[in-house]
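Worksheet: one structure, shown below.
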Amino acid sequence: MTKFELAKAYDFKATEKRIYKFWEDAGYFQPTNDPNKPDFDPTKKPFVISIPPPNVTGKLHLGHAMFISMEDLMIRHARMKGIPTLWVPGSDHAGIATQLQVEKALAKEGKTRDDVGRDEFVKLAWAWKEEYGGHIQQQIRRLGASCDWTRERFTLDEGLSIAVREAFVSLYEKGLIYRGPRLINWSPNLRTAVSDLEVEYSDENGTLYYFKYRLADGSGDFIPVATTRPETILGDTAVAVHPEDERYKKYVGKQVLVPILDRAIPVIADEYVDREFGTGALKITPAHDPHDNEIGINHHLEVINILNKNATINENGGSYEGLDRFACRKKLWADMKAANLVIKEEPYRMSVPRSQRGGEIVEPLISTQWFVKIKPLAEAALKAVQDGQIRIIPDHFTKVYYNWMENIQDWCISRQLWWGHRIPVWYCDDCHEVTVARQDPDRCAHCGSTNIHQDEDVLDTWFSSGLWPFSTLGWPEETPDYKYFYPTTILETGYDILFFWVARMIMDGIEFTGKPPFEIVYLHGLVRDEKGQKMSKTKGNVIDPLTVMDTLGTDAMRFTLLVGSTPGKDTNLSIKKVEANRNFANKVWNAGRFVISALEKSPAKPNGKARWTGADEFIHARMRAVVRSVNYLFENFQYGEAGRQIYDFFWSEFADWYIEIAKLQLEEGGDRAFYTAQTLVRVLEKCLRLLHPFTPFVTEELWQNLKKAIEESGTGITIGGDWAEALITASWPESMPEEEWENTSIQAFQTGIMEIVKGIRTLRLDNKVPFRDKVEITLVTTTLQNLISNDIPLISALCNLAKVNITKTLPQQEEFKNYPSTALPSSGSTLLFHLNNSSLSADKRTQLEKELRGISSQIDRLEKLLGSDFAKKAPPVVVQREREKLSAFQETAEKLKDQINAL
RNA sequence: GGGCGGUUAGCUCAGUUGGUUAGAGCGUUGCGUUGACAUCGCAAAGGUCGUAGGUUCGAGUCCUAUACCGCCCACCA
């Protein structure tokens with residue numbers, strides 16, 4: 001007797017926390033790296049993932065839930081395969097995001113960052129990190145993430161700061177980092193430069209302003225020009241026209257006057273100008289537009305910056321000085337109108353650059369910043385993918401990657417922020433040379449002066465993220481971790497940060513370690529709402545993973561995310577799906593309860609040899625097939641499909657069929673009961689292993705209970721292998737070679753028991769005979785007789801039959817004419833339902849004829865098929881399969897005709 | 001402008017080595033159920049797999065063209 005009283009429903013709330021603690025305390029997440037430990041094997045290639053570090057002050061959202069589920073799946077699978085497995089967790093200091101939060105908190109006290117000063121601000125930011133930084137790590141634990149918390153890292157850690165310093169200095173020494181004035185994207189609210197990637201363009205309604213550029217010669221002649229940003233007129237240093245434009249050719253070389261300011265600027269000719277667009281004349285503002293900047297360089301134009309750092313107009317704007325850029329736009333335009341310099345305004349659809357973080361309009365302007373000369377790094381990174389050293393999944397993102405790498409621009413890495421890695425550059429106040437050093441210097445490396453000061457800027461957050469796979473393992477030190485675990489195996493993340501992060505890690509990895517930092521890039525899709533829309537607070541369609549876990553359980557949510565996703569494709573999440581998977585977790589739980597209860601009905605291990613029933617063989621054969629298929633799918637990164645197949649097998653074959661049959665087989669007692677219990681245990685146990693990477697909690701809890709129950713049952717049931725300490729360390733089911741009996745067993749069960757039982761169920765429903773009424777049937781068959789001879793009691797019990805008759809030919813007695821019947825086309829058999837109801841007989845002919853029509857069309861189709869080249873050219877196995885189908889159909893058709901004739 | 005993806009049941013989506021009139025969940029309809037599970041069971045209805053060609057004995061699956069939807073990159077004053 002087992003003393004197991006498992007709850008009727010799976011109680012995930014009670015289970016999840018306890019199980020997680022059990023795993024963590026037992027040290028399962030922590031691979032050994034100690035040569036003195038017995039389980040350390042330096043010849044084994046470890047499986048390693050570095051977590052995409054979430055923002056340290058972030059809150060868990062579905063994007064996190066997605067990658068945690070995905071990576072935990074990979075990690076658990078590898079761990080079960082017996083591979084030394086490491087998943088390095090950590091978080092990112094998230095320069096701009098965190099600084100904004102701290103500034104927001106300050107703003108509540110009516111202060112700005114300037115009020116408190118840099119040192120104090122950084123202290124506040126650290127305090128903020130200490131207070132909120134742990135939250136997301138706790139939330140990641142709730143997801144069941146089996147990462148090694150003893151190796152947790154933070155991008156501003158001491159070790160990682162050393163890595164950042166090393167990376168910067170080494171790039172600088174190679175001439176791959178330079179400083180200079182260039183046109184960059186300026187974020188006025190944040191008062192920092194941002195990289196091109198951090199600018200997002202949005203299509204918005206704007207205005208195209210047409211105005212007059214008067215000639216300086218006082219002729220009163222003018223060139224019409226259009227712009228979307230009138231305030232930039234203040235910084236114009238030329239007007240460009242196309243060299244062959246008949247309208248404006250004559251003006252080239254002459255001077256025109258900047259409106260209001262009356263500054264004289266040249267008219268130049270450049271082929272870049274599109275004669276068709278606008279007025280065909282282009283104002284040139286080299287300081288505030290990328291193209292204009294290029295043209296300016298080619299024509300040696302003056303560069304006039306008109307903006308302050310907060311996007312107000314500076315001293316170059318004359319009377320507009322101090323005005324905000326947009327206020328200036330209004331006022332300048334009004335003034336121009338008054339001066340009769342305005343032609344017209346028209347509505348215009350334009351693409352507006354906005355800051356990814358703050359959302360405000362970004363201004364292109366000239367500023368002195370630090371840049372990485374990226375082309376040499378990109379070339380090597382490109383090659384690593386081309387050569388197959390790194391494989392990107394799904395494949396089509398390879399092209400996206402190439403496209404980006406081939407057109408890459410230098411990367412602006414300096415940020416005018418306070419929260420981040422300070423740029424390791426010191427300026428000498430005496431000789432004005434720069435000192436770039438790994439250790440903080442106390443004097444100038446050139447003149448020895450102690451009058452030096454460090455660069456005020458910090459590095460782009462992504463600069464440190466790019467080093468993540470190796471900086472977290474100890475680089476630049478040759479630590480044991482670095483030597484053993486680097487390069488990592490898979491980099492798993494969303495495709496939205498392919499450029500931000502993945503591409504940079506590849507470039508940095510190759511540059512600094514000489515090796516690609518990982519072998520596989522697996523990109524998952526974004527999680528959207530059930531209609532496929534992006535989740536956003538304003539739309540109110542945000543699903544909070546914490547709430548989902550609270551109400552439906554972590555396993556259900558993980559399973560939903562994993563099974564609903566295909567690599568690289570966005571997935572639409574709806575609560576309905578999670579509910580369905582909550583039901584699945586409960587189904588697993590209850591199947592487990594049943595199997596445990598079956599142990600009570602099983603005697604101890606018998607001496608006799610195993611006697612398997614058709615059902616036993618069927619479920620074993622299907623289990624083997626599922627294991628093979630799941631392994632194939634895992635090898636090809638098709639985790640979603642793998643999960644789906646396990647789900648289907650578990651529910652519609654194991655639970656719906658085998659367990660139902662097992663109930664009857666257990667009643668027989670003796671050996672039959674023993675082998676049934678053993679089959680139940682073995683199949684369930686294997687399913688728990690397969691499911692564990694998807695739904696770790698319910699499977700672990702059940703597995704441990706099952707193990708204990710078996711030990712205490714005294715049945716001596718084995719699982720054909722060793723039990724492990726815990727499911728998390730149990731071995732992964734490997735594929736077994738396909739054997740002849742598998743197919744035979746599956747075929748036999750499906751065409752025999754399954755089809756007969758389904759047929760009887762259908763007859764019952766069609767004829768409104770409830771299950772509780774016993775009925776008699778006659779099975780007319782030439783093929784199934786031997787196959788099911790032992791299964792008559794089983795079929796009888798499953799269908800509540802009083803009697804089963806088996807004949808080879810249709811009975812000729814008068815009464816049978818009125819019996820409802822159904823054809824079993826895959827075996828060429830017919831089922832007669834003993835129910836003499838003359839009111840039904842009227843319909844019988846039509847029903848039979850309808851069935852016959854269906855079957856006949858199948859026969860026609862197959863005859864045609866088999867008469868075609870198909871028979872000659874298709875593989876014999878395939879042809880044979882169709883032949884068998886045809887003969888079964890033909891037999892069915894004969895029987896149907898006989899019945900019709902007998903009416 | 002360049003690139004990529006999608007189009008399969010009422011809805012949301014699976015369906016990767018081409019194998020023969022397509023699957024799931026939810027929804028709908030009907031029936032059932034006190035012993036693993038109502039977080040359940042049995043069944044039904046519902047699809048010419050966007051369109052047009054092509055390759056092949058065979059195409060949802062491969063190729064070409066096309067329509068519509070979506071995304072990414074570059075960005076035109």
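Lettering of chains follows the sequences in order, A, B, ..., and the numbering in each one begins at 1.
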Under 3.5 Å, N/O pairs linking protein and nucleotides 17-19 of chain B:
unit_1, atom_1, unit_2, atom_2, d
G19(B), O2', Arg881(A), NH2, 3.0

Spacing of [X] atom [atom1] and [Y] atom [atom2] [to the nearest 0.5 Å]:
X         : Y         : atom1 : atom2 : result
His396(A) : Tyr401(A) : NE2   : OH    : 16.0 Å
Cys412(A) : Ile374(A) : SG    : CD1   : 11.5 Å
Ser652(A) : Arg622(A) : OG    : CZ    : 9.0 Å
Leu282(A) : Ile295(A) : CG    : CD1   : 5.5 Å
Arg325(A) : Glu363(A) : CZ    : CD    : 4.5 Å
Phe637(A) : His524(A) : CZ    : NE2   : 15.5 Å

So if I take every side-chain heavy atom of His291(A) and compare against C72(B), C75(B), U21(B), which nucleotide ends up nearest?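 Of C72(B), C75(B), U21(B), C75(B) is nearest to the side chain of His291(A).
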With the side chain of Arg861(A) defined as its heavy atoms from C-beta on, choose the nearest nucleotide among U20(B), C75(B), G27(B).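 Comparing U20(B), C75(B), G27(B) against the side chain of Arg861(A), the answer is U20(B).
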Heavy atoms only, 4.0 Å cut-off, all strands: where does [X] land among base, sugar-phosphate and nothing?
X         : value
Tyr201(A) : base
Arg772(A) : sugar-phosphate
Ser574(A) : nothing
Lys768(A) : nothing
Ser857(A) : base
Phe771(A) : nothing
Arg582(A) : base
Leu865(A) : base

Establish whether the base of C57(B) is bridged to the side chain of Ser868(A) by a donor-acceptor pair shorter than 3.5 Å.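 For Ser868(A), whose side chain was compared with the base of C57(B), there is no donor-acceptor pair (under 3.5 Å).
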Donor-acceptor pair under 3.5 Å: do we get one between Glu641(A)'s side chain and the base of U16(B)?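 Side chain to base: no pair below 3.5 Å.
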Return the residues of residues 229-239 of chain A meeting this criterion: a heavy atom under 4.0 Å from some atom of RNA chain B. Order them by number, or give none.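 Heavy-atom cutoff 4.0 Å gives no residues at all.
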Contact residues, residues 403-412 of chain A to RNA chain B [heavy atom, < 4.0 Å]: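 Close to the strand, none.
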Does a salt bridge link [X] with [Y], judged by any charged N lying under 4.0 Å from a carboxylate O?
X         : Y         : result
Asp11(A)  : Lys13(A)  : no
Lys885(A) : Glu882(A) : yes
Glu579(A) : Lys577(A) : no
Lys283(A) : Asp292(A) : no

Figure out the [atom1]/[atom2] separation between [X] and [N], and round it to whole Å.
X         : N      : atom1 : atom2 : value
Asp496(A) : G5(B)  : CG    : P     : 18 Å
Glu884(A) : U20(B) : CD    : P     : 13 Å
Leu798(A) : G32(B) : CG    : P     : 20 Å
Lys569(A) : C4(B)  : NZ    : C1'   : 13 Å
Leu765(A) : C42(B) : CG    : P     : 11 Å
Leu498(A) : C4(B)  : CG    : C1'   : 12 Å

Residues forming a side chain to side chain contact (heavy atoms under 4.5 Å, CB included) with [X], sequence neighbours excluded:
X         : value
Asp274(A) : Glu276(A), Phe277(A)
Glu738(A) : Arg628(A), Glu742(A), Asn743(A)
Glu204(A) : Ser202(A), Val352(A), Arg354(A)

Can you tabulate the close N/O pairs, meaning under 3.5 Å, that link protein atoms to atoms of nucleotides 44-46 of chain B?
none

Give me, pair by pair, the N or O atoms of the protein and of nucleotides 35-37 of chain B that are less than 3.5 Å apart, along with how far apart they are.
unit_1, atom_1, unit_2, atom_2, d
A36(B), OP1, Lys663(A), NZ, 3.0
A36(B), O2', Asn590(A), OD1, 2.6
A36(B), O2', Arg593(A), NH1, 2.9
A36(B), N7, Lys663(A), NZ, 3.3
A36(B), N6, Ala655(A), O, 3.4
A36(B), N6, Glu660(A), OE2, 3.3
A36(B), N3, Asn590(A), O, 3.1
A36(B), N3, Ala591(A), N, 3.2
C37(B), OP1, Lys8(A), NZ, 3.0
C37(B), O4', Asn590(A), OD1, 3.1
C37(B), O4', Asn590(A), ND2, 3.3
C37(B), O2', Asn586(A), ND2, 3.2
C37(B), O2, Lys587(A), NZ, 2.9
C37(B), N3, Lys587(A), NZ, 3.2

Extract from the structure each pairing of a protein N or O with an N or O of nucleotides 60-71 of chain B at less than 3.5 Å, listing the distance.
none

Please determine whether a side-chain nitrogen or oxygen atom of Lys577(A) lies at a distance below 4.0 Å from atom OP1 or OP2 of G25(B).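 Result: no.
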Parallel, tilted or perpendicular for [X] and [Y], by the 30°/60° rule?
X         : Y         : value
Tyr10(A)  : Trp589(A) : tilted
Trp651(A) : Phe584(A) : parallel
Phe559(A) : Tyr647(A) : parallel

Should Thr571(A) and Arg528(A) count as side-chain neighbours, where that means a heavy-atom distance under 4.5 Å?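 No. Closest side-chain heavy atoms not under 4.5 Å.
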Within the structure provided, determine whether Thr560(A) and Met557(A) are in side-chain contact (heavy-atom separation under 4.5 Å).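 A side-chain contact is absent here, since even the closest heavy-atom pair is not under 4.5 Å.
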I'd like to check the salt bridge (Lys or Arg N to Asp or Glu O under 4.0 Å) partners of Glu271(A); sequence neighbours left out, ordered by chain and number.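 Partners of Glu271(A) by the salt bridge (Lys or Arg N to Asp or Glu O under 4.0 Å) criterion come out as none, since no residue qualifies.
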Stems involving RNA chain B: give each as a range paired with a range, ordered by first number, where a stem means at least three consecutive Watson-Crick or G-U wobble pairs under 3.5 Å.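 Expected stems, ordered by start: B:1-7 with B:67-73, B:10-13 with B:23-26, B:28-32 with B:40-44, B:50-54 with B:62-66.
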Let me check something: any side-chain donor-acceptor pairs from residues 866-877 of chain A under 3.5 Å, sequence neighbours excluded? List them with distances.
unit_1, atom_1, unit_2, atom_2, d
Ser868(A), OG, Leu865(A), O, 2.6
Ser868(A), OG, Phe870(A), N, 3.1
Asp869(A), OD1, Lys872(A), NZ, 3.3

Just by modelled atom types, is the Pro347(A) backbone N or O under 3.5 Å from a matching donor or acceptor in the Thr207(A) side chain?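 The answer is no, because no donor-acceptor pair under 3.5 Å joins these two groups.
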Does the side-chain hydrogen bond (donor to acceptor under 3.5 Å, both in side chains) test come out yes or no for Ser355(A) and Glu198(A), once each step is laid out? CA-CA 6 Å; Ser355(A) 153; Glu198(A) 289 163 291; over 6 Å; no
